[in-house]
Protein chains: 2
Amino acid sequence: MEQKIEGRPERARFVRESADVRRQALIEATARCLAEKGVGGTSVRVICAYAGVSAGLLTHYFDGVDALILATYRDVGEKVGAAMERAVAEAGPDPRDRLWAYLRANFQPPVLDPNLLATWISFWSLNKTNPAIAATHAETYGSVREHLEVLLREAAPQIPRPDARIAAIGLTAMVDGLWLELCLDSSTFTIQEALGMVEEAMNYVLSKPRNGSIDQ
Amino acid sequence: MEQKIEGRPERARFVRESADVRRQALIEATARCLAEKGVGGTSVRVICAYAGVSAGLLTHYFDGVDALILATYRDVGEKVGAAMERAVAEAGPDPRDRLWAYLRANFQPPVLDPNLLATWISFWSLNKTNPAIAATHAETYGSVREHLEVLLREAAPQIPRPDARIAAIGLTAMVDGLWLELCLDSSTFTIQEALGMVEEAMNYVLSKPRNGSIDQ
DNA sequence: GGAACTGGAAAGCCCATGGCTCTTATCAAT
DNA sequence: ATTGATAAGAGCCATGGGCTTTCCAGTTCC
């Protein structure tokens, strides 16, 4: 005779984790899910399965899936930003080295990663319909551009401020375009070729003749 | 007393269209749907509602939603390519004008269109999980790069072939990056600024000193 | 010219999955 | 031992895609 009485199905044991651990687990699961399955394949059940928790927890810690995705966007953006800053910090004191390290970091892990692009694309795809996502995008892009602008002016103080802004936008665009295509289809050109193009563009920006700061 | 007998609900009238008309209507509806609602909001019912047909027709003309999205990708890609070629054809005979027209076309309608980007992003998001989409992407990107390469060499025949390839990749990356950000958030810089950057990059590519074709 | 025929088109159906809620079980701290 | 927050899991309702059935507009044949 079985010991367990019918009608009282045993429930899975669980460990009680802190809110931070749970949130982080859900965020990382969301990033993985977006990367591997895209927006369409990202659902409450899949995310929670990835995180190893039950489906109910998502709503408990976040205001629904959209809020979790937004939190994931912020988290991923911060991690990428941190990786870039680390690269700059490790580059030493020379301003040109620091600038180059910043640009170069886009073509090294963890930034150059098809999974990261896949996650990023998911955010882009929500940009149009989700104002909070759009705001986060603007914030992230602005931060990158500003950082690059600062590094540019430190490496070439003679560049007028408006020129530095344009140069930062142009360099960012080129880096983004190369990064995008490399992640989408790495067979069209190599990382080395991309680095060569970016280096040439950087050299051009740093050395092109200006007439703003001295003449006028 | 009502004239209509119970149990015989009247069915919507319909007009019989040719297969081409129906396919095109579904493709255009899909593009609109992807643009306005993103991948997540693109379903059989929504597409067919946009196209003004019943839900069953999608399966009748295409092998499911995925096949329709792929067909939409091909169609949109062809339309963009045609618009670019038209711009080149209207530019006249001067090779430099033709090259510039090609680059410039990326920042004019119908290419510079947030809806087009939204559609495009949807395709990117499927790139990882859908081999057919990935193949179409490679084809489209390769076609653009080759076309640009040809225009480059016509405008500057002294450029060695490998250099032209790299220049085409770099210019494409820059254009793509600027186009992407302009469509995502048009408040960060203007179309004129983007055109200025691209023009400067083009001039640099065309006029930079080479040592390949004459010396060696 | 009328009636059967063909195949395009519309609804409805089925089952799976969507997000979210609610109840209940479990754990850790008091 | 008690308690209150935390987690699990079932359940609800809406929507998903694909399929089937029913219906209708041209076509064809007599």
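For clarity, every value in this text was computed on a predicted model and none was experimentally measured. Within every chain, numbering begins at 1; the chains are lettered A, B, ... in the order of the sequence lines, protein sequences first and strands thereafter.
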Notebook entry, point to check: Can you check the A:R23 CZ to D:dA7 P distance for me, whole Å?
Noted result: 11 Å
Check: In terms of the angle between their ring planes, are B:Y102 and B:H147 parallel, tilted or perpendicular, with boundaries placed at 30° and 60°?
Finding: tilted
Next item on the list: Mind calculating the distance between NE2 (A:H60) and C1' (D:dT6) to the nearest angstrom?
Entry: 6 Å
Notebook entry, point to check: Shortest non-hydrogen contact from A:A101 to A:A91?
Noted result: CB-CB, 3.6 Å
Check: Would you call A:E149 and A:R145 a salt bridge, using N to O less than 4.0 angstrom?
Finding: yes
Check: Which residue lies toward the 5' end of DNA chain D, A:A55 or B:V15, if each is placed at its nearest nucleotide?
Finding: A:A55
Next item on the list: Go through the N and O atoms of the side chain of B:R22 and the base of C:dG8, and report whether any donor-acceptor pair is under 3.5 Å.
Entry: no
Next item on the list: For the side chain of B:S43, starting at C-beta, report the closest nucleotide among C:dC27, D:dG17, D:dA7.
Entry: D:dG17
Item checked: Nucleotide nearest A:Y61 (side chain, heavy atoms from C-beta), chosen from C:dC27, D:dT6, C:dC20 -> D:dT6
Notebook entry, point to check: Starting at CG of B:L58 and ending at P of C:dG8, how long is that distance when rounded to a whole Å?
Noted result: 16 Å
Item checked: Separation of atom CZ in B:F62 from atom P in D:dG18, rounded to whole Å -> 13 Å
Next item on the list: Have a look at A:T59 and say if it touches a base, only the backbone sugar-phosphate, or nothing, with a 4.0 Å heavy-atom cut-off.
Entry: base
Margin query: Any base atoms under 4.0 Å from B:R45, or only sugar-phosphate, or nothing? Heavy atoms, all strands.
Written below: base
Next item on the list: Please work out if B:S18 contacts a base, only the sugar-phosphate, or nothing of the nucleic acid, heavy-atom cut-off 4.0 Å.
Entry: nothing
Check: Of all the choices, C:dC20, C:dA9, C:dT26, which nucleotide is nearest to the side chain of B:L57 once you look at every atom?
Finding: C:dA9
Item checked: Gap between atoms CG and P, on B:D66 and D:dG18 respectively (whole Å) -> 7 Å
Item checked: A:G40 vs A:F14, nearer the 5' end of DNA chain C by closest nucleotide -> A:G40
Notebook entry, point to check: Whole-Å distance between C:dT17 P and A:K37 NZ?
Noted result: 11 Å
Notebook entry, point to check: Which atoms form the tightest heavy-atom contact between B:A51 and B:A25, and what is the distance?
Noted result: CB-O, 3.9 Å
Item checked: For A:V198 against A:F107, the heavy-atom pair lying closest together -> CG2-CE1, 3.8 Å
Next item on the list: To the nearest Å, give me how far apart CG (A:L26) and C1' (D:dA8) are.
Entry: 14 Å
